[in-house]
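Working notes for the structure below.
Throughout, residue positions are numbered sequentially from 1 according to the sequence presented. Start at 1 and go down the list; that is how both ligands and their atoms are numbered.
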Amino acid sequence: MTASIDASVPDDLARTVEAHGIAVAAADNATVLADFLPDRIGQLIGSVDVPEQLERAEVQSISDVGDGFFDAIIRYTKPDQTWFELRSRWVRFEDGTWRVFSVRNIPDTPPWMRPTGPSPDGLDAPHWEGLRAGELRLQRCASCATWIWSPRPICPSCHSFETRWQAVEPVGTIYSWTRTWQPFAPEASGHLPYVVVLVELPAAAGRRVLGVLAHADGITPRIGDHVRGVIDQPPSDEHWPLFRWHLEDAHT
Ligand SMILES: [Zn+2]
């Protein structure tokens, strides 16, 4: 097939992307690493899952995504003729060469993390069972009605031991956020970078909860942006549901 390449894509970028795909397929690591932005090599290596044996690479498309960035999609075929695709984002480096700024496996599937789930003391188990039931449940003091997060054995306000769990509508606003480039767990490979948001929940008297913002590639969140929580149920019983925030408003 013929690759779909935007008219604004420079010829030297198209040549670099093609050579990069061939180097990845050949496991020519020295060439592959030389294509990475120097200060991102460690992060980029941790960003994707690539099998050891590859047969060939084919550039599917190169798109101008603005601000000097170009996205390339390269399809890699394994010896058994199955294939997968990687999306790499390219930018011109100070020495004039094109370098990889970010890379990830596509499609952008949810990262199912083994470390998630109830803590050993079981204190937050009702929260996780709530996600399985399709609800965001937060702890609340039965005595003074204070919302409590993260979970704790006594109410931080009145010191009552009587706490309950209550479902909260999963809508709120972004109080703060950060973009993470480090794969803190092996399952994060192929999902970097990701954006963590601190969300203020009006339905829980402004209590704030941490979470991941879905589909945040190329998005710069703003403080006060409206978000809605969506629960993805896991593909098997070995994982717990994944709760992620989605921006409610159109965004660039
Ligand atoms: Zn209380």
Quiz prompt | Ring centres under 6.0 angstrom apart (Tyr175, Trp177) | solution = no
Quiz item: Taking atom types as modelled and ignoring hydrogens, do the side chains of Arg104 and Ser102 form a donor-acceptor contact shorter than 3.5 angstrom?
Solution: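 The criterion, which ignores hydrogens and geometry beyond distance, is not satisfied for Ser102 and Arg104.
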Quiz item: Parallel, tilted or perpendicular for Trp165 and Trp149, by the 30°/60° rule?
Solution: perpendicular
Practice problem: Measure from NZ or CZ of Arg228 to the centre of the six-membered ring of Trp245, then state whether that distance is under 6.0 Å and the direction lies within 45° of the axis. | Solution: no
Practice problem: Using the ring of Trp83 (Phe, Tyr or Trp, six-membered ring only), decide whether Arg75 places NZ or CZ under 6.0 Å from its centre and within 45 degrees of its axis. | Solution: yes
Practice problem: Take the Zn ion (ligand 1) as the centre and count protein N, O or S atoms at distances under 2.8 Å. | Solution: 4
Indicate every side-chain donor-acceptor pair of residues 7-24 with a distance under 3.5 Å to a residue at least two apart or in another chain.
{"unit_1": "Ser8", "atom_1": "OG", "unit_2": "Asp64", "atom_2": "OD2", "d": "3.0"}
{"unit_1": "Asp12", "atom_1": "OD1", "unit_2": "Trp98", "atom_2": "NE1", "d": "3.1"}
{"unit_1": "Asp12", "atom_1": "OD2", "unit_2": "Arg92", "atom_2": "NH1", "d": "3.2"}
{"unit_1": "Asp12", "atom_1": "OD2", "unit_2": "Arg92", "atom_2": "NH2", "d": "3.4"}
{"unit_1": "Asp12", "atom_1": "OD2", "unit_2": "Trp98", "atom_2": "NE1", "d": "3.2"}
{"unit_1": "Thr16", "atom_1": "OG1", "unit_2": "Asp12", "atom_2": "O", "d": "2.7"}
{"unit_1": "His20", "atom_1": "ND1", "unit_2": "Asp35", "atom_2": "OD2", "d": "2.7"}

